Number of protein chains: 2
Amino acid sequence: MGSGDRPDTVTIHQVAKAARVSPATVSRVMNRRQSVDPELARRVQQVAASLGYQPNAVARGLARGRTGVIAVIVPDLGNPMFQSVLRGVSRAAGNEDYRVLVTDSHEFPLEETLLSWETRLRADGLVLCAPRTHDQELLGIAGKLEPFVLVNRHVDGMNVPTVSVDYASGVRAVVAHLAWLGHTRAAYLSGPVASTSNQERLESLHEATHERMTLDVIECGSMHEDGYEAADRALATGATAVIGYNDVVALGALGKLHEIGVAVPNDISVVGFDDIPFARYCAPRLTTVSVPQEELGLQAWNRLSALLHDHALPADVCFTPRLEVRGSTGPVAR
Amino acid sequence: MGSGDRPDTVTIHQVAKAARVSPATVSRVMNRRQSVDPELARRVQQVAASLGYQPNAVARGLARGRTGVIAVIVPDLGNPMFQSVLRGVSRAAGNEDYRVLVTDSHEFPLEETLLSWETRLRADGLVLCAPRTHDQELLGIAGKLEPFVLVNRHVDGMNVPTVSVDYASGVRAVVAHLAWLGHTRAAYLSGPVASTSNQERLESLHEATHERMTLDVIECGSMHEDGYEAADRALATGATAVIGYNDVVALGALGKLHEIGVAVPNDISVVGFDDIPFARYCAPRLTTVSVPQEELGLQAWNRLSALLHDHALPADVCFTPRLEVRGSTGPVAR
DNA sequence: TTGTACGCGTTATCAG
DNA sequence: CTGATAACGCGTACAA
């Protein structure tokens with residue numbers, strides 16, 4: 001037991017009193033200002049250490065106007081793609097002593113902007129992965145989100161640093177690869193309709209397959225289960241190749257195909273997007289459009305960092321994904 | 001209207017002035033205090049909305065003494081196990097309007113405590129996944145971390161709410177399962193030596209296999225690559241079953257085995273720990289000791305929440321994992 | 001080089 | 001029910 005008070009909160013004043021200096025001096029010492037007598041600084045540091053003093057981050061944030069925290073919004077913390085982006089941001093930001101406030105918007109478009117705003121208020125800046133929000137809504141709130149960086153999404157008329165991926169190029173590579181293998185009919189396991197990356201991939205697929213390959217679009221989603229369930233329907237179209245909205249979906253389909261005895265790639269080929277870590281560890285290894293996910297996070301941080309420190313802003317970057325051909329695609333059976 | 005102007009930082013005073021009331025009243029309205037004249041409250045809300053006012057979270061945190069943020073420390077944001085725990089915490093905390101400050105300690109024991117402390121300062125509480133830190137160090141810093149909850153780890157003499165898993169029980173189930181299948185020689189792909197969960201599993205394995213099965217311990221690690229590389233060495237021992245430190249390692253081994261033409265489970269059986277999402281989507285599906293990862297996060301939040309709100313603290317919980325028998329284990333070849 | 005005093009934006013206390 | 005006023009803990013001009 002003990003007293004119900006909280007004597008464990010040692011403030012700058014207590015340190016000052018114990019060291020017989022003013023709070024200002026303690027502050028200077030804690031912030032490594034050079035204008036303090038070395039001898040005095042040492043004494044203050046000793047006292048501070050012996051008292052276990054650590055500056056209150058909140059008060060410091062208020063006084064300085066910055067918190068040393070950045071916010072990151074992801075649609076789903078369970079999605080390996082965003083996990084990697086988060087990891088990239090976190091590590092990069094951590095190297096410059098910034099912490100990350102992460103928020104999962106639950107794949108819920110309405111929450112994306114609300115949560116973004118709310119979370120942004122507790123941080124100095126924002127890295128936004130918001131594939132579901134409408135352009136208009138984003139444009140409307142952009143002003144209250146600054147400084148922020150957009151990941152994996154482009155919004156016309158929005159002048160915000162963006163880190164993205166040229167999925168169209170990836171799609172073309174996929175289609176070329178499949179065509180070269182002799183495929184003439186492919187099924188696309190479509191992601192969430194509201195997702196811009198799904199729209200981008202779908203549109204590019206239509207363009208790339210035009211008069212070259214038949215494309216069946218299967219309603220699916222973005223989770224394992226979605227791909228697992230959609231596999232049957234994809235199969236029913238007679239397609240010889242399945243293109244998943246992302247790797248997670250593709251792996252879900254792969255699981256189902258294996259279960260029902262459909263051989264990959266002999267009976268059917270499977271392709272995904274992202275190149276999540278497990279894509280290279282499943283059997284057969286998944287052929288996929290490889291996106292540098294952590295690099296995406298790193299570059300996002302670089303831009304946010306520039307914004308925060310008023311440095312020169314790196315140009316927008318758009319990564320060209322690489323088609324990683326592995327074991328899940330093969331010549332069409334005949 | 002609404003767009004166009006950019007009120008850099010609109011404060012409670014500006015709202016107060018515009019609504020011709022005192023800041024105190026605005027504060028009351030924003031905090032939904034019932035002691036405000038409904039008519040007045042409506043007016044204030046309108047003004048606040050029209051000005052796009054949102055209370056400054058940092059100032060609010062300072063004044064209230066709590067931030068609405070909790071810290072979560074994980075050894076590696078790339079590990080699906082901790083990703084799930086994080087997700088569980090995040091979603092549970094989010095439901096009560098708490099945000100999550102996440103820090104990746106890079107699997108670096110020394111940083112675990114330092115980062116924990118540093119991060120804890122910016123939050124109201126802490127969920128700590130620190131499998132590498134020594135007991136002594138943890139005991140020493142525990143006082144400055146409170147309130148906090150420990151996940152997946154027990155420290156003797158530390159009176160802190162803990163959410164853990166009875167790995168020993170899982171290990172026994174694995175050994176029983178393998179023995180029943182006729183296996184008499186197993187190889188354990190050992191995780192990081194400093195990891196308490198590895199120590200726990202290894203110790204339990206020795207006990208469970210005692211005079212019943214030969215156990216070869218292979219130095220490995222916690223990543224895909226580690227399992228991938230260790231597969232050969234495991235094979236060389238002549239073991240008919242491989243037990244991975246975790247699913248990630250087991251999947252890495254699975255990949256290598258598949259690559260070199262060793263059939264699973266016909267030639268060799270493979271088991272993992274955790275039951276990460278992909279364990280059920282690989283081929284063959286991975287037999288593994290299933291841990292309720294998100295539930296771990298949820299329960300951790302429940303306890304932290306109780307601590308934060310001074311509610312009755314739920315008893316420590318220790319989940320008994322379930323052996324999820326899938327396709328990667330089978331009768332020993334003869 | 002060091003100390004004093006004020007501001008950061010809110011909340012809480014206490015009069016009115 | 002509402003409004004001054006004092007914290008909250010720290011950073012920093014400004015003065016000494």
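Here the structure is a predicted model, which is why all the values come from computation and not from measurement. Residue numbers start from 1 in every chain, and the chains themselves are labelled A, B, ... in the order their sequence lines are given, proteins ahead of strands.
The main-chain N or O of B/Thr67 is found under 3.5 Å from a side-chain atom of B/Asp124 such that the two form a donor-acceptor pair.
In terms of position on DNA chain D, the residue among B/Asp37 and A/Thr25 whose nearest nucleotide sits closer to the 5' end is B/Asp37.
In terms of the salt bridge (charged side-chain N to carboxylate O under 4.0 Å, His left out) criterion, B/Arg303 has no residue partners (sequence neighbours excluded). For B/Asp76, the side-chain hydrogen bond (donor to acceptor under 3.5 Å, both in side chains) criterion is met by A/Arg87, not counting sequence neighbours. Every side-chain hydrogen bond (donor to acceptor under 3.5 Å, both in side chains) that A/Asp156 has, sequence neighbours left out, goes to A/His154. Residues passing the side chain to side chain contact (heavy atoms under 4.5 Å, CB included) test with A/Ala130, sequence neighbours excluded: A/Glu112, A/Leu128, A/Thr133. B/Glu118 meets the side-chain hydrogen bond (donor to acceptor under 3.5 Å, both in side chains) test with A/Arg99, B/Arg122; sequence neighbours excluded. Residues passing the ring-ring contact (aromatic ring centres under 6.0 Å, His included) test with A/His106, sequence neighbours excluded: none. Taking the side-chain hydrogen bond (donor to acceptor under 3.5 Å, both in side chains) definition, one finds that B/His13 meets it with nothing, sequence neighbours left out. Applying the side chain to side chain contact (heavy atoms under 4.5 Å, CB included) rule to B/Glu39 yields the partners B/Asp37, B/Arg42; only residues at least two apart in sequence or on another chain are considered.
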Heavy-atom protein contacts under 4.0 Å, nucleotides 8-16 of chain C, coded B base, S sugar-phosphate only, - none:
BBBSBB---

Side chains of residues 29-36 of chain B: which donor-acceptor pairs under 3.5 Å do they make with residues two or more places apart or in other chains?
from: B/Asn31; atom 1: OD1; to: B/Arg64; atom 2: NH1; distance (Å): 3.4
from: B/Asn31; atom 1: ND2; to: B/Ser27; atom 2: O; distance (Å): 3.0
from: B/Asn31; atom 1: ND2; to: B/Ser27; atom 2: OG; distance (Å): 3.4

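Taking every nucleotide of DNA chain D with any atom under 4.0 Å from a non-hydrogen atom of chain B, the first and last of them, 5' to 3', are D/dC1 to D/dG9.
Across all strands shown, A/Val58 has no heavy atoms under 4.0 Å from either base or sugar-phosphate atoms.
Remark on the helix from C/dT1-D/dA16 to C/dG16-D/dC1: inter-end axis angle 40°, axes from five-pair C1' superpositions, rounded to 10°.
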